[in-house]
Each structure stands twice: as C-alpha cells, then as structure tokens.
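Each remark here refers to the structure printed beneath this line.
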Amino acid sequence: MTGYENIIEKYLIENSEEYNMSYFEPSYVPDRIIHREEEIDIIMKNLSLIFKKMVPKNMFIFGKTGTGKTAVIKFIGRALESYQKEKVRFVYLNCQINDNSYSLLYSLGKSAGAEIPITGWSMDRLFNVVKDAVELYSAYFIIVLDEIDRYIKKNGDDILYSLSLMNSELKNSKIIIIGITNDVTIIENLDARVKSRLNEEKVVFPPYNQNEIYDILKDRIEMAKMKNYITDSALRYISAIAAQENGDARKAIDLLKTTLQIGIELKSIPVEEKHVNIAKSKMEYDAVAETIKSLPLHSKIVLLSIVFLKDYGTNNITTGEIYNAYRNLINIVNIPPLTSRRITDILSDLDMLGIVNAKVISMGRYGRSKIVDLMVSSGLIKSILLEEDQLKCLRDSMKKQSQLKI
DNA sequence: CATCCACAGGAAGGACGGGGGT
DNA sequence: ACCCCCGTCCTTCCTGTGGATG
C-alpha cells in the first residue's frame, strides 16, 4: 500500500542525496576551466586592454560544438564583471533564441539600465535610446553573439554595422563585439564595409583529445562530489568514446550524466563500463525514438508499411511492395495517398536518417528496384507509432498480420 | 545479344504557408 | 494590412538503366 508518507519519503530520499546533478547540465558554467589556457590567454590579452583605458578589438571565436567556446566566454565575462562591475558590462545573447536586432538592442539597453518595452518601439527610437543609455553608463560593453551565423543568415550583417556605427558615436563608453560560431565561412561572407569596421581578431578552439576530456570529466565529478560514484576505468571509457566522436565535451558530459543516473537507478554504485554501454544505447535509442516521432505523417505510414511487410515475413522488400502495403494502410487511415514518386523520395529520406537501409539492385528481367531493410527494431517503431491518435486504427491490421506469420 | 522489366531519379511546376518588409 | 519572396511538399512527365531471360 502506498500512503502519503511512503510516496513522499521515497522521493525525498531520492532527491536528498549529497550529490548534485546540476553540474552535468549543458548550461552549467564551471568556475574553473581546464585545457583552454591558451585560448583564454589570447582573449584576455585583448580584453584586458580596458585596464589601460584602451579599446579591445572585436573578436570571432571558431570551434565545433563542445569545444568550450561558450563556457570560456561566459567564464571570462563573469570574471571581468565581478572584478569591475561598474566599468564592464557583459551582454550574452544566444542568436538561436534571440535572432532579431530588436532583442539584441533590447539586451544591450537593459544592461545599461534603460527602460525599454519588450516590443513596440521603432528601430530608430530603440537605437537612439540604447545609444544614450550606453553612453551615460560610461563603461565597456562586451556583447557576445553566440551562434552568430544563425543571426547573420537570417538578418544579414546590418546590425553589426549599426553597432560599430554606434561605437564610433560613443565617447564615454565602448562596445566590443564577440561573435561565436562553428561556421568558418561566415566572416568571408560579411559585407566589406562591415568587415573593415569590425577589425576583428580570430580565436580557434580545437576539439579536445581523450586525455583532456578525461580531465574535464574528472573535474566535474569532483565539483559534484561524486568521486565514489564512478570507477576510473569507466571515466576513461567515456573519454575514449567522446574523443572518437569529434572531441565533443558536451556530449561526453551528457554521457557521464546518463551513466550516473542509470547507476543510481539500478543502485549499482560505483558505475562501471557496462553502465556506460547501457547509457550509450539508451541515448541512441532515445534519439531514434525522437526522430521517428518527429517524422511527417506519410513517412510514418511508409515506415509502418515496411514493418508490416517484415512481420509478414517478406525478405528483400522492394519499393513496389512497400507502395502496395502503403496503399493498404492509407486506406485504413482514410487519407489520400501520395504517388509512388513521392514514396521514392520518402524512402531516400528515411535512408538518410539511418532508420532504413536502401540499396538499388537489379533483378534483371524483373526490373530494377531498391531493396529496403529496417535499421531499427520493428517493435520500437510499432510501440511509438501505433500510440499516435491518427495511427491507432492500424493496430488491428498490424496485429493480424504478425499473427498470420506465426 | 537484344530485350524489357520495374523501378530510380531529374525537371518543371502547382499549392501552400510562414516570415519579413513596407 | 498587404504583398512578395522563398522554401517545402507533392504531382506529372519523363528519360535512364543492370542484368536475367528468351
């Protein structure tokens, strides 16, 4: 019997442990950074010019995902702000979320203490109010535009121009722009006048190697006071996996987190290599499930058609067979069918996503076709798709079919 | 060796919708 | 408020093709 006390107690215990998983969240910025000394040095050499009342250059930071770009820049921002809050203002903007010039100027204005409505002002008015506020504040404004490629692809580079324009009109304050991106081509595509005004300095963040990832993971484990939760060999194992997959530290930390969670759930502490393997396949499984869920309706039905054929015992499933099965299923769902030409493309899409493997083969006299094989267990596909409202009606026919096989 | 199957996959264009500019 | 542009999805029409078979 589960009473109030029992249920509360259970989760109280689960959540009151001494460990703290928030150290493994992607958004967590550690207060010490390792294996980025060189990059921090380059950035700080430039930014520390403000101590001499000089104006630092604008900067561009390049590097693949999980190379520490964002963490380093936030770390530096915090350090500078805590050292001289009234002289340095740090404005961080993720352009994937804030992708218009209004929110950029808004954030800048806010950090200078201006009163600005979230929406409604014309760009002219906004620009001038922000400029006045920034000037009045008389400080160095370090604006970080994370994923700046998103921003530029959407809006062009006019805002960079406006900002540098604002900068040249300022007397008591200065604006420094730091762009972060994993797209190296972006600078080359900038307008020439923006390019020359930006006067930028570049910093490249290389991927981490295995030992560096190991150190980073170990550091996080220590921060979280979870040293006893994982064996050293398991930690090395995770580092090796992550190093193989492009040296992405974020992914490595994610894998570490999932591994720990699984160990805690199974009450099997410290976690070992086998838990890492479980975590890895769980993450891959989740990713596949997510992909399948987000597929367009017709792609889902095509996928079910393949499952249908497979359950029926067909091997070497061809496009034609899939299309027939698809027509049957779509009849039951009662929506208009697509043409076989489109199904060809959908099959190619599924192939690209790795859900399906499609090979073009010739059957001589019997024509040329693709033979298609599932790369995901049919059980998984059915368990996900047959739950969906629109596809529930296929349950019976799918069931009948697999029973027929037995 | 020519044939011919059962598709692959390119080209062009229509319908639609969202988003940004004026 | 309106329009225009662009991307996505889909259809129609089409040409191309590897190799078992007659």
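We name chains A, B, ... by the order of the sequence lines, and we start the count at 1 in each one.
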Between A/Arg341 and A/Gly320, whichever has its closest DNA chain B nucleotide further toward 5' is A/Gly320
Looking only at the side chain of A/Arg342 (C-beta and beyond, no hydrogens), which of the listed nucleotides B/dG9, B/dC7, C/dC10 gets closest? C/dC10
Can you tell me how the ring of A/Tyr28 sits relative to the ring of A/Tyr23, calling it parallel under 30°, perpendicular over 60° and tilted otherwise? perpendicular
Does OP1 or OP2 of B/dA6 have a side-chain N or O of A/Lys370 closer than 4.0 Å? no
Can you list the residues that meet the salt bridge (charged side-chain N to carboxylate O under 4.0 Å, His left out) rule with A/Arg236, with sequence neighbours excluded? A/Asp232
Presence of salt bridge, A/Glu25 and A/Lys257, under 4.0 angstrom: yes
Within the 4.0 Å limit for protein heavy atoms, which parts of nucleotides 15-22 of chain C are touched? Write it as a string from 5' to 3', B for base, S for sugar-phosphate only, - for none. --BBBBB-
Rounded to the nearest Å, what distance is computed from the CG atom of residue A/Asp345 to the P atom of nucleotide C/dT11? 10 Å
When rounded to whole Å, the CG to P distance for the pair A/Leu338 and C/dT8 reads 18 Å
May I ask you to evaluate whether A/Thr339 reaches the phosphate of C/dT11, defined as a side-chain N or O under 4.0 Å from OP1 or OP2? yes
With a 4.0 Å limit, can you tell me whether A/Ser340 has a side-chain N or O closer than that to the phosphate oxygens OP1/OP2 of B/dC7? no
What contact category does A/Pro337 fall into here, base, sugar-phosphate, or nothing, at under 4.0 angstrom with non-hydrogen atoms? sugar-phosphate
Atom CD1 of A/Ile330 and atom P of C/dC10: how far apart are they, to the nearest Å? 10 Å
Would you please classify the geometry between the A/Tyr137 ring and the A/Phe141 ring as parallel, tilted or perpendicular, with 30° and 60° separating the classes? perpendicular
A/Thr344 has a side chain; which of B/dC7, B/dA11, B/dA8 sits nearest to it? B/dA8
Separation of A/Lys359 atom NZ from B/dG9 atom C1', in whole Å? 19 Å
Expressed in angstrom and rounded to an integer, what is the separation of A/Ile346 atom CD1 from B/dA8 atom P? 13 Å
Residues 364-372 of chain A, side-chain donor-acceptor partners within the protein, below 3.5 Å, at least two apart:
{"residue": "A/Ser369", "atom": "OG", "partner": "A/Thr319", "partner atom": "N", "Å": "3.4"}
{"residue": "A/Lys370", "atom": "NZ", "partner": "A/Ser348", "partner atom": "OG", "Å": "3.1"}

Before you tell me yes or no, could you show the steps for A/Phe24 and A/Ile221 under side-chain contact (heavy atoms from CB on, under 4.5 Å), namely the whole-Å CA-CA distance, both residues' side-chain angles and the distance that decides it to 0.1 Å? CA-CA 9 Å; A/Phe24 306 111; A/Ile221 287 282; 4.2 Å; yes
Atom-to-atom span, CD1 of A/Ile317 to P of B/dA6 - whole angstrom: 18 Å
Between NE2 of A/His298 and P of C/dT8 the distance, given in whole Å, is 18 Å
Would you mind reading off the distance between A/Ile343 atom CD1 and B/dG9 atom P, rounded to a whole angstrom? 15 Å
Should we say atom CD of A/Glu38 is surrounded by more than 12 heavy atoms from elsewhere, each under 6.0 Å from it? no
